[in-house]
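Okay, structure first, notes after.
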Amino acid sequence: MNIGIRNIGVYIPGKIKDSIKIAELSGIPEEVIREKFGIKMVHEASEEETVSEMGVRAAIKALNGFDPKKLDLVIYCGSEYKDYYLYNCAADIQKRIGAVNANAFEIHSLCSAGVYSLKIVKSMMLNDEDINHVLLISSSKETQIINYGNNDSRFMFNFGDGAAAILIEKGLNENIILETAMITDGAFAEDVAVYGVGCKNFNKSKDIDCKDKFLDVRDIASMKERLDPITFDNFIKVIDRSLIKSGYRKEDINYLAPIFMKRSLLQGVLNEFNLNEENSFVLEEFGHCQSADAYISLLEGQRLGRLKDGDLAVLLGAGTGYTWAATVVKWGKGDINEGSSHM
């Protein structure tokens with residue numbers, strides 16, 4: 001039984017914060033923001049464009065006329081920074097899109113959740129006869145919790161707001177979800193956080209500085225020293241492992257749908273698989289929309305004709321914590337047999 005992606009919907013706010021503005025806010029030269037960070041612009045949500053509201057708008061686009069009453073599950077897998085401090089965003093979206101027969105819950109793994117959630121959804125659908133249609137939603141309003149005056153958090157200046165949703169269907173021989181691989185290194189778990197909010201500092205909340213309500217890095221030099229030697233290799237490992245589990249070889253990849261990353265790092269990953277930027281999509285005009293990145297890249301790749309029927313696509317994500325994840329999707333329509341070995 002195949003599990004396929006029926007449709008993808010993306011919602012991006014209209015307001016733009018370009019590389020010039022980010023340079024003004026951060027004090028970093030605009031050329032560095034544009035060339036090294038890889039940011040031409042990010043999008044910034046308005047007050048009304050909450051995390052749930054953007055999720056609803058992406059969900060409606062993904063449904064594209066599909067009756068929401070036929071959904072069995074609505075799953076939110078986006079940012080933990082949501083409308084409220086403690087709040088079920090999945091249930092809110094379920095109600096607002098009219099998915100009255102669906103259950104709703106959330107999956108959190110920071111920026112790798114979108115990629116890994118495909119494995120969770122596929123496994124659930126294959127093991128539960130009652131689950132036939134699932135809407136998976138990721139939304140992010142991280143620009144609100146970025147402190148451009150904190151140079152230690154500069155690698156997060158790429159965050160942009162937006163949402164994506166995908167409609168997944170059991171028995172659909174189209175855009176078939178194959179296998180997933182993940183690596184977790186919990187040694188990085190407390191390197192990045194909003195340190196002023198949470199149970200550790202609850203009793204000190206009245207004394208918390210405003211700056212501690214933004215994303216921060218505990219020790220940027222230490223994190224960089226430990227992370228830089230392993231992150232490229234871990235990206236390659238999860239891609240390789242997801243391909244092997246799916247019955248394919250590294251030379252079989254046609255398209256890489258990545259999380260936002262520096263252009264130099266992306267080019268290194270693409271080179272490893274004999275690909276180039278025409279086999280991917282650089283999110284330089286979207287920014288890093290948390291775990292929605294890979295979904296946006298799939299949709300943009302298809303729109304640009306880079307992702308075609310019959311292609312083997314790999315979705316690639318990574319999240320602080322640290323986790324690296326890859327999921328293989330056999331793209332296109334037709335009777336494509338899952339797991340056909342090309343080895």
Side-chain angles (χ1 to χ4, degrees), residues 1-14 43 45-109 113-141 161-177 289-296 298-299 302-303 329 333:
M1 175 72 73
N2 289 325
I3 305 296
I5 298 171
R6 178 163 171 160
N7 199 30
I8 302 174
V10 170
Y11 176 78
I12 301 295
H43 296 257
S46 66
E47 186 175 347
E48 292 75 25
E49 291 170 316
T50 63
V51 168
S52 67
E53 178 61 25
M54 290 190 288
V56 166
R57 295 185 190 189
I60 291 170
K61 289 186 175 183
L63 289 170
N64 191 31
F66 181 85
D67 186 353
K69 294 177 182 174
K70 293 181 180 178
L71 289 173
D72 303 301
L73 275 180
V74 172
I75 302 173
Y76 174 80
C77 63
S79 173
E80 290 85 340
Y81 177 67
K82 300 175 288 185
D83 299 25
Y84 304 107
Y85 176 48
L86 191 71
Y87 153 76
N88 190 334
C89 191
D92 193 359
I93 294 172
Q94 178 255 16
K95 175 180 180 294
R96 289 159 60 186
I97 64 173
V100 294
N101 296 310
N103 289 314
F105 67 94
E106 303 190 1
I107 300 170
H108 294 298
S109 185
V115 173
Y116 199 76
S117 292
L118 294 173
K119 174 184 176 65
I120 296 171
V121 170
K122 177 183 174 182
S123 298
M124 292 183 69
M125 296 180 85
L126 289 175
N127 287 285
D128 190 332
E129 64 181 15
D130 291 337
I131 304 176
N132 294 296
H133 295 96
V134 176
L135 191 64
L136 190 59
I137 302 150
S138 175
S139 184
S140 170
K141 196 172 179 175
D161 299 335
I166 61 173
L167 177 58
I168 302 171
E169 182 171 313
K170 184 189 288 181
L172 182 67
N173 291 322
E174 181 178 337
N175 309 327
I176 299 166
I177 301 169
C289 298
Q290 222 251 8
S291 69
D293 285 1
Y295 303 159
I296 297 171
L298 277 183
L299 193 62
Q302 185 181 40
R303 182 181 68 82
V329 173
K333 300 178 181 178

Kindly indicate whether the side chain of I75, heavy atoms from C-beta on, has any atom under 4.5 Å from the side chain of I120.
no
Student check: side-chain heavy atoms of V10 and K61 closer than 4.5 Å
no
Would you sort out whether V51 and S79 count as a side-chain contact (heavy atoms from CB on, under 4.5 Å), showing the intermediate values?
CA-CA 8 Å; V51 168; S79 173; 5.7 Å; no
Quick one: are L298 and I166 in side-chain contact, heavy atoms under 4.5 Å?
no
When you look at I107 and Y116, which way does the side-chain contact (heavy atoms from CB on, under 4.5 Å) test go after all the steps?
CA-CA 9 Å; I107 300 170; Y116 199 76; over 6 Å; no
Student check: side-chain heavy atoms of M1 and K170 closer than 4.5 Å:
yes
Measuring from atom SG of C89 to atom NE2 of H108, what distance do you get when rounded to the nearest 0.5 angstrom?
8.5 Å
For residues D293 and V115, determine if any side-chain heavy atom of one lies less than 4.5 Å from a side-chain heavy atom of the other.
no
For G4, does its backbone N or O pair with a side-chain atom of E174 as donor and acceptor, under 3.5 Å?
no
Mark yes or no for whether N101, through its side chain, and K69, through its backbone, hold a donor-acceptor pair below 3.5 Å.
yes
Could you tell me which non-hydrogen atom of G78 sits nearest to which non-hydrogen atom of S138, and how far apart they are?
CA-OG, 3.5 Å
Distance in Å, L73 CG paired with D128 CG, rounded so as to fall on 0.5 Å steps
8.0 Å
Short question: side chain of Y295, backbone of I137 - any donor-acceptor pair under 3.5 Å?
no
What are the two closest non-hydrogen atoms of P13 and G162, and how far apart are they?
CD-CA, 4.0 Å
What are the two closest non-hydrogen atoms of G55 and A163, and how far apart are they?
N-CB, 3.9 Å
Starting at CG of L172, measure out to CE of M125 and round the result to the nearest 0.5 Å.
9.5 Å
Report yes if some heavy atom in the side chain of L71 is under 4.5 Å from a heavy atom in the side chain of F66; otherwise report no.
yes
Can you see which heavy atom on T50 is nearest to which on E53, and at what distance?
OG1-N, 3.0 Å
How about I93 and L135: do any of their side-chain heavy atoms sit closer than 4.5 Å?
no
Kindly check if the number of other-residue, nucleotide or ligand heavy atoms within 6.0 Å of OH (Y87) is above 12?
yes
Please test I8 against N175 for side-chain contact (heavy atoms from CB on, under 4.5 Å), starting from the C-alpha separation and ending with a verdict.
CA-CA 11 Å; I8 302 174; N175 309 327; over 6 Å; no
Tell me, with the steps shown, if D161 and E49 meet side-chain contact (heavy atoms from CB on, under 4.5 Å).
CA-CA 9 Å; D161 299 335; E49 291 170 316; over 6 Å; no
Measure the spacing between CE of M54 and NE2 of H43 and express it to the nearest 0.5 Å.
12.0 Å
I need the minimum non-hydrogen distance between S117 and C77, along with the two atoms involved.
OG-CB, 3.4 Å
Nearest-0.5 Å distance, NZ of residue K70 to CG of residue L63
11.5 Å
Could you pull out the closest heavy-atom pair between A62 and A165, with the gap in Å?
CB-O, 3.5 Å
When rounded to the nearest 0.5 Å, the distance separating NZ of K122 from CG of N127 is 11.0 Å
Between L118 and L136, is any pair of side-chain heavy atoms under 4.5 Å apart?
yes
Under a 3.5 Å distance rule, please check whether E106 uses its side chain to pair with a backbone N or O of A90 as donor and acceptor.
yes
